[in-house]
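What's counted below: heavy atoms across the whole structure, side chains too, no hydrogens, waters or symmetry copies.
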Amino acid sequence: MPQSPFSPEHVFMVEALKQAKMALEKDEVPVGAVIVHKNQIIARAHNQVEMLKDPTAHAEMIAVTQATSALSNKWLNDCAIYVTIEPCSMCAGALVLARIKRIYYGAPDPKTGACGSVVNIAQNNQLNHHIEVSGGLLAEDCGSLITEFFKGKRGQLMKNE
């Protein structure tokens, strides 16, 4: 999805990338997310699974909690999430339950992506809410963070063998 570097979509994904880099600095899988309401960021988060020792502490889950708190509402009807990698089934399910309007993601996730790569929870006709999905926003930048992180992890494993 080519976007002008001055488009709001580009600007918000750059903010999500900053969050992903914060996760990387903490040796977390580098995923970042921001939630936007009326062109204002109301939530910023990155993966904290290792730090919190919580498999549900994905960037999207933390951002949803922040956004619902910011709006004092369980629904995120007029919000968009920008996330550096395609949400997994847990996160896509939470976004459906929160009734978020739109998901913008960077890199597709061919192993666990739940917005079309493996399954499509975000647009499943059997669910009561469907989310508009746009993938590929700054995909190369987003994907390279994940790729380099896991290359480094594999390198560490090989050194330890």
Side-chain angles (χ1 to χ4, degrees), residues 1-26 28-49 51-52 54 56-109 112-146:
M1 162 191 272
Q3 291 287 333
S4 158
F6 305 109
S7 72
E9 292 84 7
H10 183 97
V11 170
F12 294 136
M13 187 59 80
V14 166
E15 290 301 313
L17 271 165
K18 288 178 184 175
Q19 290 294 312
K21 290 173 183 172
M22 289 173 67
L24 183 63
E25 290 170 7
K26 297 174 183 174
E28 296 275 358
V29 175
V31 177
V34 298
I35 296 181
V36 175
H37 180 256
K38 296 182 180 178
N39 264 347
Q40 296 290 331
I41 295 174
I42 60 169
R44 298 172 192 267
H46 57 275
N47 276 6
Q48 296 180 39
V49 171
M51 183 180 79
L52 298 176
D54 179 355
T56 69
H58 289 198
E60 302 95 320
M61 301 294 283
I62 295 167
V64 164
T65 300
Q66 290 176 3
T68 56
S69 179
L71 296 176
S72 298
N73 194 332
K74 64 182 176 180
W75 306 131
L76 300 175
N77 292 315
D78 296 322
C79 296
I81 189 167
Y82 293 79
V83 60
T84 55
I85 192 164
E86 180 182 358
C88 69
S89 57
M90 173 183 67
C91 295
L95 293 166
V96 167
L97 292 173
R99 297 185 184 172
I100 203 155
K101 184 175 183 174
R102 186 171 199 110
I103 297 169
Y104 292 92
Y105 70 83
D109 185 344
T112 65
C115 294
S117 290
V118 177
V119 294
N120 196 343
I121 290 172
Q123 298 175 323
N124 186 308
N125 288 330
Q126 293 180 307
L127 300 177
N128 66 333
H129 179 72
H130 307 112
I131 304 170
E132 299 169 34
V133 177
S134 297
L137 182 58
L138 298 179
E140 191 172 313
D141 294 333
C142 295
S144 67
L145 269 181
I146 296 280

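Residues I146 and V31 have side chains in contact (heavy-atom distance under 4.5 Å, counting atoms from C-beta outward). Inter-residue side-chain proximity for I103 and P87 is flagged as met; some heavy-atom pair is nearer than 4.5 Å. Residues T68 and N73 form no side-chain contact, since every pair of their non-hydrogen atoms from C-beta on lies 4.5 Å or further apart. L76 places none of its side-chain heavy atoms less than 4.5 Å from the side chain of R99. Under the 4.5 Å side-chain criterion, counting only non-hydrogen atoms from C-beta, V34 is not in contact with I81. Between M90 and T56, some side-chain heavy-atom pair lies under the 4.5 Å cut-off. For the pair R102 and V133, the minimum side-chain heavy-atom distance is 4.5 Å or more. At a threshold of 4.5 Å between non-hydrogen side-chain atoms, the residues S89 and I121 count as touching.
The two residues I85 and P108 make their nearest non-hydrogen contact at CG1-O, 4.3 Å. Across P30 and L24, no two heavy atoms sit closer than the pair CB-CB, 4.0 Å. Minimum interatomic distance between C91 and E60 (heavy atoms only, all atoms of both residues): SG-OE1, 3.4 Å. Here the closest non-hydrogen pair linking A57 and L52 is CB-CD1, 3.9 Å.
One finds the CD1 atom of I100 at 10.5 Å from the NE2 atom of H37 (value rounded to the nearest 0.5 Å). Distance check, rounded to the nearest 0.5 Å: CD of E9 to CG of L137 gives 7.0 Å. Interatomic distance, M13 CE to S7 OG, rounded to the nearest 0.5 Å: 10.5 Å. Between atom CD of residue Q123 and atom CG of residue N125 there is a gap of 9.0 Å, rounded to the nearest 0.5 Å.
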Trace of the side-chain contact (heavy atoms from CB on, under 4.5 Å) decision for V14 with L138: CA-CA 8 Å; V14 166; L138 298 179; 3.9 Å; yes

Can E15 and I41 be said to form a side-chain contact (heavy atoms from CB on, under 4.5 Å), step by step? CA-CA 9 Å; E15 290 301 313; I41 295 174; 3.7 Å; yes

For C142 and L17, what are the C-alpha separation, side-chain angles and deciding distance, and is it a side-chain contact (heavy atoms from CB on, under 4.5 Å)? CA-CA 7 Å; C142 295; L17 271 165; 3.9 Å; yes

How far apart are the C-alpha atoms of C79 and K101, what are their side-chain angles, what is the distance that settles it, and do they pass the side-chain contact (heavy atoms from CB on, under 4.5 Å) test? CA-CA 6 Å; C79 296; K101 184 175 183 174; 6.0 Å; no

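Remark: the H46 side chain and the K21 side chain contain no N/O donor-acceptor pair separated by less than 3.5 Å.
N47 places no side-chain N or O within 3.5 Å of a backbone atom of E28 that could act as its donor or acceptor partner. Proximity of a side-chain donor or acceptor of T84 to a complementary backbone N or O of G32 within less than 3.5 Å is detected. The backbone N or O of R44 sits less than 3.5 Å from a side-chain atom of Q66, completing a donor-acceptor pair. With hydrogens and angles ignored, the 3.5 Å screen pairs a side-chain donor or acceptor of E86 with a backbone N or O of C115. One N or O on the side chain of H130 and one on the backbone of N124 form a donor-acceptor pair closer than 3.5 Å.
Taking the six-membered ring where tryptophan is involved, the planes of Y82 and Y104 are essentially parallel, since the angle between them stays under 30° and well short of 60°.
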